[in-house]
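Right, one structure below, let's go through it.
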Amino acid sequence: MDFIEDKKKDMADLSDALAQGNAELISRLAHKIKGSAMNLRLDSLARPAVNIEKAAKEGKVSQIAGDWDDLNREFEALSEMRKKHGSGH
């Protein structure tokens, strides 16, 4: 499984955790996305994940919306780039 496909599941799970307000799960998933993004030097994806993880750890789930929008937008842009330029393995 490649990065995009793997992270699609994490993004969906993170969306569900946000809808549930589950700070522990939000933090864990954001940490996972952050780590993967940093390993691939995808700073524009890692940055909002760092902010989401931090806010969740501090119990500030209500303040995550803007960073979630940024993370979603960056992930979608990356997905589109992959579609245009190949598999991304």
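Excluded from the calculations below are hydrogen atoms, water molecules and symmetry mates; all remaining heavy atoms, backbone and side chain alike, are included. The structure displayed is predicted, hence computed values, not measured ones.
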Inset, instruction - Show the numbers, then the answer: is there a side-chain contact (heavy atoms from CB on, under 4.5 Å) between Glu5 and Arg82? - result: CA-CA 11 Å; Glu5 291 304 314; Arg82 177 184 169 257; 3.9 Å; yes
Inset, instruction - State, yes or no, whether a side-chain contact exists between Leu78 and Lys7 at a heavy-atom distance under 4.5 Å. - result: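 No, side chains not in contact.
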Inset, instruction - State, yes or no, whether a side-chain contact exists between Leu71 and Leu14 at a heavy-atom distance under 4.5 Å. - result: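 Heavy-atom side-chain distance check passes, below 4.5 Å.
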Single-linkage hydrophobic cluster [X]~[Y], side-chain heavy atoms < 4.5 angstrom:
X: Met81; Y: Ile33; result: no
X: Val61; Y: Met11; result: yes
X: Phe3; Y: Val50; result: no
X: Leu40; Y: Leu45; result: yes

Inset, instruction - Salt-bridge test for Lys57 and Glu53: reply yes if a basic N is under 4.0 Å from a carboxylate O, no otherwise. - result: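 Salt bridge flag = yes for Glu53 with Lys57.
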Legend entry - Presence of salt bridge, Glu76 and Arg73, under 4.0 angstrom: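 No, Arg73 and Glu76 are not salt-bridged.
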Using 0.5 Å steps for rounding, measure from the [atom1] atom of [X] to the [atom2] atom of [Y].
X: Ile52; Y: Lys60; atom1: CD1; atom2: NZ; answer: 15.0 Å
X: Lys32; Y: Asp6; atom1: NZ; atom2: CG; answer: 6.0 Å
X: Lys54; Y: Ile64; atom1: NZ; atom2: CD1; answer: 11.5 Å
X: Ser79; Y: Glu74; atom1: OG; atom2: CD; answer: 11.0 Å

Inset, instruction - Check Ser44 against Pro48 and note the closest heavy-atom contact, atom names and distance. - result: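 Closest pair (atom of Ser44, atom of Pro48, distance): O-CD, 3.2 Å.
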Please tabulate, one pair per line, all N/O donor-acceptor pairs under 3.5 Å involving side-chain atoms of residues 15-27, not counting sequence neighbours.
| residue | atom | partner | partner atom | Å |
| --- | --- | --- | --- | --- |
| Asn22 | OD1 | Glu24 | N | 3.4 |
| Asn22 | OD1 | Leu25 | N | 3.0 |

